[in-house]
Amino acid sequence: MTNGIDDREPGTEAELQLQADEEILLDELGIFGESRRKFLGKVAAAGLGALVLEIVAEQKALAFDAAEPSLSPLTVENPVTVSFSVNGMKKSIELDSRMTLLDALRERLALTGSKKGCDHGQCGACTVMIDGRRVLACLTLTAQCEGREITTIEGLSHGADLHPMQTAFIKHDGFQCGFCTPGQICSAVALMQEAKNGELSYVTADVRQKTATIKLSDDEIRERMSGNLCRCGAYPNIVAAIREVHTGKATDPMAELPLEVENASV
Ligand code: FES
Ligand code: FES
């Protein structure tokens with residue numbers, strides 16, 4: 001390969017001969033011996049040799065060491081420097097102006113609590129708070145966050161002291177696989193403040209009645225949490241957890257289970 005142009009005949013022995021830079025690349029990727037022969041055989045058979053190696057090389061160039069989350073990737077296109085606070089810590093990072101907040105949190109700051117579910121603003125798994133209001137991090141550009149205060153799930157607890165909403169989710173079994181849970185909890189925490197501010201929802205009974213604080217019914221909780229999906233269907237438990245934090249009245253999760261099932265069959 002010279003100046004990025006591969007002049008080897010496709011499918012020939014020559015094509016399977018690696019150049020020095022390709023050898024190094026495959027060594028770094030840990031593709032040795034039999035695996036290397038199979039890898040090369042497959043890409044040659046598909047006529048993709050040079051292309052695959054170029055793509056792999058590009059991915060390596062963009063990669064960074066997750067153990068050093070403050071490191072910049074080797075290549076940043078359209079760079080902008082954004083300064084903000086994340087969970088009370090000041091951060092200033094140079095990143096691609098098109099990078100979403102979710103990717104910046106996960107890939108650049110190693111805060112992987114916020115999850116990437118759909119990456120299209122439809123599941124709520126990426127919910128974080130900006131200046132106390134819930135947002136979908138997958139639909140927020142990091143460049144929009146200059147000077148803002150970002151709170152992720154990692155910022156809700158203080159060491160072993162969990163946020164009351166986290167404690168309530170555990171007590172009421174508000175999760176199964178846990179994938180949606182960071183987003184659910186961030187959303188629920190912001191929801192408490194929205195209720196205190198008297199903000200209305202689609203199911204608020206009387207929108208003309210001005211109240212300082214809204215008392216959340218179960219319907220209100222369900223409606224206001226409807227942007228956070230749970231594939232495991234832990235919804236009743238999530239509502240119970242939020243209700244307990246909202247009312248401040250501890251409830252017994254076992255007492256909410258139906259004790260008897262009429263006409264039950266197994
Ligand atoms: S990942 Fe953001 S809404 Fe689904
Ligand atoms: S707990 Fe599994 S998706 Fe909600």
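Order of appearance sets the numbers: ligands from 1, and atoms from 1 within every ligand. All values below were derived from every heavy atom in this structure, side-chain atoms included, with hydrogens, water molecules and symmetry-related copies excluded. Residues: numbered from 1 along the sequence shown.
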Ligand-side contact atoms (ligand 2) for residue partner Gln176, heavy atom cut-off under 4.0 Å:
1 (S)
Please list the nearest protein heavy atom to atom 3 (S) of ligand 2 with its residue and the distance rounded to 0.1 Å.
Arg231 N, 3.2 Å
Within the side chain of Asp131, is there an N or O that forms a donor-acceptor pair under 3.5 Å with the backbone of Glu149?
yes
Protein N, O or S atoms lying under 2.8 Å from atom 2 (Fe) of ligand 1, listed by chain and number
Cys126 SG, Cys138 SG
For Cys180, the ligand 2 atoms with a heavy-atom partner under 4.0 Å come out as 1 (S), 3 (S), 4 (Fe)
Could you measure the distance from the CD atom of Gln144 to the CG atom of Leu139? Nearest 0.5 Å is fine.
10.0 Å
Interatomic distance, His158 atom NE2 to Asn87 atom CG [nearest 0.5 angstrom]:
9.5 Å
If you round to the nearest 0.5 Å, how far is CD of Gln193 from CZ of Arg134?
12.0 Å
What part of Ala234, side chain, backbone, both or neither, has a heavy atom within less than 4.0 angstrom of ligand 2?
neither
Per-atom contacts, ligand 2 versus Cys232 - under 4.0 Å to a heavy atom:
1 (S), 2 (Fe), 3 (S)
Closer than 4.0 Å to some heavy atom of Cys230 - which atoms of ligand 2 meet that?
1 (S), 3 (S), 4 (Fe)
Less than 4.0 Å between a side-chain N and a carboxylate O, is that true for Glu244 and Lys171?
yes
Atoms in ligand 2 flagged as close to Gly178, the criterion being non-hydrogen separation under 4.0 Å:
1 (S), 2 (Fe)
Salt bridge between Arg108 and Asp103, side-chain N to carboxylate O under 4.0 Å?
no
Measuring from atom OG of Ser226 to atom OH of Tyr202, what distance do you get when rounded to the nearest 0.5 angstrom?
11.0 Å
Arg106 CZ to Thr112 OG1 distance, which is reported to the nearest 0.5 Å:
5.5 Å
Charged N to carboxylate O below 4.0 Å: is that the case for Arg133 and Glu199?
yes
